[in-house]
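Order of listing sets the numbers, starting from 1, for every ligand and every atom in it.
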Amino acid sequence: MTTAIYPGSFDPVTVGHLDIIKRAAHLFDHVIVAVLVNMEKKPWFTIEERTDFLRKATADMENVEIAGFDGLLVDFAAQRDAKAIVKGLRAVSDFEYEFQMALTNRKLDDSIETVFLTSSAENMYLSSSIVKQVGLFGGDISPFVPACIKEDILDRCRKLPPRVMGAK
Ligand code: PNS
């Protein structure tokens, strides 16, 4: 059985992330969506909310598991016996950072391969930051997030204090 890890902050999950998860689930026997618990940039959504959104959005995908992780990604991957790290690439602007992370991870553990999936064309512009900005100002986030979690995300956006405006 080949296990792959799809890591990220998922703050919150978007339809772009979900597209990558679906495609990875066709390529690998088991996909662990690994949600970073303690991020440098303070997340808007708690780890419980971020994992809960992902669980709802992937409820129909039998070989997809949602897990929180902390520390080095390669250590988590080794613990879970994963052979690959899956990353989505939206545009050239993602490339430099992703390339740096992939090479660092290979230096740390060369038994784990990073596999890049290109974003679908319709999701190339999309990010969690866009969802938060549009939600915060009362815009329609339905093109950007899985339908089953739209209201949960909007509820939280309405409760956010003004200081989060401008946060990433
Ligand atoms: O969705 P993001 O914020 O781009 O995800 C970044 C993530 C979680 C993949 C990255 O920050 C990560 O792997 N963090 C764990 C710490 C680590 O292993 N760092 C070394 C690789 S640079």
Using a 3.5 Å cut-off on N/O to N/O, what pairs does ligand 1 make with the protein? A line per pair would be great.
from: ligand 1; atom 1: 1 (O); to: S9; atom 2: N; distance (Å): 3.0
from: ligand 1; atom 1: 1 (O); to: S9; atom 2: OG; distance (Å): 3.1
from: ligand 1; atom 1: 3 (O); to: S9; atom 2: OG; distance (Å): 2.7
from: ligand 1; atom 1: 18 (O); to: L73; atom 2: N; distance (Å): 2.8

Give the C-alpha distance, both sets of side-chain angles, the deciding distance and a yes or no for side-chain hydrogen bond (donor to acceptor under 3.5 Å, both in side chains) between T3 and D81. CA-CA 7 Å; T3 297; D81 200 24; over 6 Å; no
What residue among E49, E151, K132 forms side chain to side chain contact (heavy atoms under 4.5 Å, CB included) with R156?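 With R156 as partner, E49, E151, K132 yield a single side chain to side chain contact (heavy atoms under 4.5 Å, CB included), made by E49.
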Does Y125 have more than 12 heavy atoms from other residues, nucleotides or ligands lying within 6.0 Å of its OH?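 Yes, enclosed.
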Assess whether side chain to side chain contact (heavy atoms under 4.5 Å, CB included) is satisfied between L136 and W44, documenting all intermediate values. CA-CA 11 Å; L136 188 63; W44 278 26; 3.9 Å; yes
Do R106 and D110 sit within salt-bridge range, that is, some charged N less than 4.0 Å from a carboxylate O?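 Looking at D110 together with R106, the answer is no, because their closest N to O distance does not fall below 4.0 Å.
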Report yes if the distance between the aromatic ring centroids of F45 and F53 is under 6.0 Å, otherwise no.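 When the ring centroids of F45 and F53 are compared, they turn out to be within the sub-6.0 Å range.
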